[in-house]
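For reference, the structure discussed in these notes is given below.
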Amino acid sequence: MRLKHYPIDGKFGRFGGRYVPETLIPALEELERAYIDARDDKDFKKDLEYHLKHYAGRPTQLYHAKNLSDAVGGGAEIYLKREDLLHGGAHKINNTIGQALLAKRMGKERVIAETGAGQHGVATAMACAALGLRCEIYMGAKDAERQRLNVFRMELLGAKVNRVYSGSQTLKDAINEALRDWITNVRSTYYLLGSVVGPHPYPMMVRDFQSVIGREIRKQCISMIGGMPDAIVACVGGGSNAMGTFYEFLDSKVDLYGVEAGGHGLASKEHSATLCAGSEGVLHGMLTYLLQDEDGQIMDTHSIAAGLDYPGVGPEHAFLKSIERVKYVSVTDDDAVDAFMRLAKYEGIIPALESAHAIAYAMRIAREYGNDASIIITVSGRGDKDVEVVKRYLEERAASHEQ
Amino acid sequence: MSSNSNSSSNSSNSSRGGSNSSSSSRKENPIDVRLREVMGRGEYALIGYMVAGYPDEHTCLDVALAMIDGGVDILEIGIPFSDPIADGPTIQRASYIALSNGITPRKALDIARRIKDASDTPLVAMTYYNIVYRLGVERFIPMAREHGIDGLIVPDLTYEEADDVIRVAHMHGMDPIFLVAPNTSDERINMIASVSKGFLYLVSVYGTTGERDRFYEYTTNAIRRVKGLMMGRVPLAVGFGISRKEHVRLMIDAGADAIVVGSAFINIIEKRSGCSNSNNNSGGSNGSSNKGSMLEDVRQLAYELKQATRSSC
């Protein structure tokens with residue numbers, strides 16, 4: 001069985017599926033039919049390609065990071081897939097444009113979405129503004145407080161931001177509340193999920209919309225390095241940029257690495273390394289890996305990168321871990337910040353802290369590969385949003401070293 | 001406490017080993033018996049919902065007994081989960097407080113056992129699938145059965161994913177109770193009704209749990225449609241949003257055999273015991289007189305709603 005053929009009946013092996021209140025089943029069936037119909041439709045494809053090119057700014061470039069490769073001191077050459085150059089500054093727009101076009105085609109006038117730090121909320125608000133859709137974003141009250149500027153950005157883009165005060169008041173609660181809204185307004189509303197998570201068909205559909213990343217990498221590798229790369233590295237929170245990067249290469253021999261947020265270290269329990277340290281369970285409509293306690297209650301997570309701070313992970317990643325096709329590893333806050341600074345210094349590129357996790361791991365393994373090898377890192381977003389967080393982090397680290 | 005949970009898991013292991021020894025699977029389930037009795041008297045059934053551990057571990061026992069004393073025919077016990085997506089703000093808050101009070105699935109089942117020891121009311125557990133999955137379907141169901149649970153409702157478990165639960169529940173004489181919604185197709189209702197035991201649970205509204213001022217025509221239309229498809233396989237219970245006598249009559253007149261009421265009870269507890277979201281450690285510390293009148297209000301609501309299932313006005 002080729003790995004690209006998954007999901008089968010909505011499942012990646014035993015992972016995925018549909019674990020939702022019955023009210024959502026007709027909506028998920030309608031969505032699946034509409035998506036498959038659109039996917040195979042020439043006009044839809046043309047429309048999507050047009051928007052990805054002229055609105056989002058695709059294709060993104062593959063950049064040979066020579067200075068960074070040299071700084072690592074031998075080993076593989078490192079290439080960066082520049083998703084940070086997209087409109088909005090992250091890969092998120094690939095998915096939101098696709099789903100917003102689908103919502104419009106389905107005749108839905110109201111779009112809802114969840115957001116953690118605000119990246120997916122902003123990308124959804126952009127796509128909805130561009131396509132004339134009404135848009136409401138659910139955001140945990142704690143996140144909204146931490147990311148006040150992103151709340152304002154979403155409002156500038158015409159979205160209504162609903163703060164969520166339940167539970168831990170972060171991303172997982174924003175998803176809960178978006179699901180509750182969808183259950184209530186299921187007949188008129190399109191739920192635009194932001195990652196390869198949730199009930200079928202979301203993990204498949206979001207992966208498909210993001211898989212443009214991997215298709216471009218393959219083409220660009222052929223012209224730049226004359227063939228396939230040896231390894232590809234991407235960060236994994238929910239896992240959409242990684243899935244979009246890996247999908248094209250699943251049935252190849254390329255080494256694939258998914259890098260999770262190690263936070264303060266896996267032993268500290270303050271991390272978001274779901275695949276490295278979690279266990280199987282059911283949350284947000286899917287069977288996957290979760291960070292949960294022994295009773296099945298979902299735990300609070302931590303990462304310096306807000307976009308990785310999620311206690312679940314896409315079910316296709318859980319599957320790829322179970323069959324050992326992708327190696328899942330983790331990088332701590334410390335190492336991510338270090339990689340963030342090194343890329344800025346050596347290449348003049350400030351990556352998102354999420355992407356910095358992938359950069360840190362690629363630097364770690366570059367020497368294990370030969371001098372003629374090449375490693376691709378997906379830089380999923382730009383780091384302007386993180387500059388303040390990093391500044392504060394460095395000041396606190398300096399202060400604690402002095403003591 | 002740990003010895004309790006050990007002994008229950010040990011005995012669940014032994015009953016798993018000798019599956020043909022479970023006499024409970026041959027005996028008729030108490031839910032079926034109770035519903036037949038109630039309907040035989042020309043009444044309709046009242047199912048009351050409570051959250052295990054809310055407002056605290058001890059008071060919830062009194063709440064259960066007040067509901068039963070008021071006339072609840074079947075008691076539904078919510079085992080709290082951190083992320084209850086089918087629940088509105090009232091039950092979310094109650095679940096959050098119960099979890100903050102240290103309620104675990106095992107403690108929730110211990111509470112069920114104590115209710116069962118004090119009353120012969122059939123008990124249904126309501127929880128989300130991760131709670132069942134984490135312990136394992138093969139362990140959770142026999143353990144719940146030994147703690148006096150007769151039926152199981154899992155709102156995020158769909159027909160397609162329920163094979164294990166249906167099989168293990170059948171082995172242990174537990175009723176797996178499924179939900180349908182106003183937008184569920186006739187075809188799915190038929191499929192789901194064929195596996196739902198005890199009763200079929202129709203979600204009355206588009207939305208989450210929580211009191212509503214009014215219902216729309218689509219609700220009564222859905223009750224009539226589902227009832228028409230049931231062909232008497234199991235009774236039809238209707239829940240979500242119901243809090244008043246008029247609602248009970250509305251649902252019964254449309255064809256409901258049983259009515260589920262939850263948030264209305266929890267709202268009374270919340271108001272009368274000073275248990276609120278902003279102050280989640282205060283569970284019922286405002287004195288026993290307050291608690292006494294809260295329990296009386298709970299009993300009174302159960303009584304009024306039960307009366308509405310009897311009268312034919």
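Residue numbers start from 1 in every chain, and the chains themselves are labelled A, B, ... in the order their sequence lines are given, proteins ahead of strands.
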Side-chain donor/acceptor of [X] to backbone N/O of [Y], under 3.5 Å:
X        : Y        : answer
B:Asn183 : A:Thr23  : yes
B:Glu160 : A:Arg18  : no
B:Asn130 : A:Gly296 : yes
A:Arg180 : B:Ala86  : no

Between [options], which residue shows the highest count of heavy-atom pairs closer than 4.5 Å to chain A?
options                               : answer
B:Leu99, B:Val205, B:Val203           : B:Leu99
B:Leu135, B:Thr184, B:Leu157          : B:Thr184
B:Asp156, B:Val132, B:Thr158          : B:Asp156
B:Pro155, B:Ser82, B:Ala162, B:Pro105 : B:Ser82
B:Gly207, B:Ser95, B:Pro89            : B:Gly207
B:Ser185, B:Pro182, B:Gly88, B:Pro84  : B:Pro84

CD1-CH2 distance between B:Ile85 and A:Trp182, expressed to the nearest 0.5 angstrom:
11.0 Å
Roughly how far apart are A:Gln297 CD and B:Phe81 CZ, rounded to 0.5 Å?
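One gets 6.5 Å once the value is rounded to the nearest 0.5 Å.
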Report, by ascending residue number, the residues of residues 135-145 of chain A in heavy-atom contact with chain B at a distance under 4.5 Å; give 'none' if the set is empty.
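Result: none.
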With a 4.5 Å heavy-atom cut-off (strictly below), which parts of residues 281-294 of chain A touch chain B? List them by number.
A:Gly281, A:Val282, A:Leu283, A:Leu287, A:Leu290, A:Gln292, A:Asp293, A:Glu294
Would you mind checking which part of [X] comes under 4.5 Å of any heavy atom in chain A, side chain (CB onward), backbone (N, CA, C, O), both or neither?
X        : value
B:Pro80  : backbone
B:Ile131 : both
B:Tyr133 : side chain

B:Arg224, CZ atom: more than 12 neighbouring heavy atoms under 6.0 Å:
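Yes, CZ of B:Arg224 has more than 12 neighbouring heavy atoms, counting only those of other groups under 6.0 Å.
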Candidates B:Tyr129, B:Tyr128, B:Tyr159 - the one meeting ring pair (Phe, Tyr, Trp, His ring centres under 6.0 Å) with A:Tyr19
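Of all the options given, the one that passes is B:Tyr129.
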Check whether A:Glu29 gets within reach of chain B through its side chain, its backbone, both or neither, counting any heavy atom under 4.5 Å.
side chain
Residue pair B:Arg134 / A:Asp295: nearest heavy atoms and the distance that separates them:
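Nearest heavy atoms, B:Arg134 then A:Asp295: CG-C, 3.7 Å.
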Which heavy atom of B:Gln92 sits nearest a heavy atom of A:Ser166, and at what distance?
OE1-CB, 3.3 Å
Under a 4.5 Å heavy-atom cutoff, which of A:Ile25, A:Ile175, A:Asp181, A:Val186 has the most pairs with chain B?
A:Ile25
Pair B:Arg188 + A:Glu22, salt bridge at N-O below 4.0 Å:
yes
Pairing of A:Lys172 and B:Asp83 as salt bridge, 4.0 angstrom limit
yes
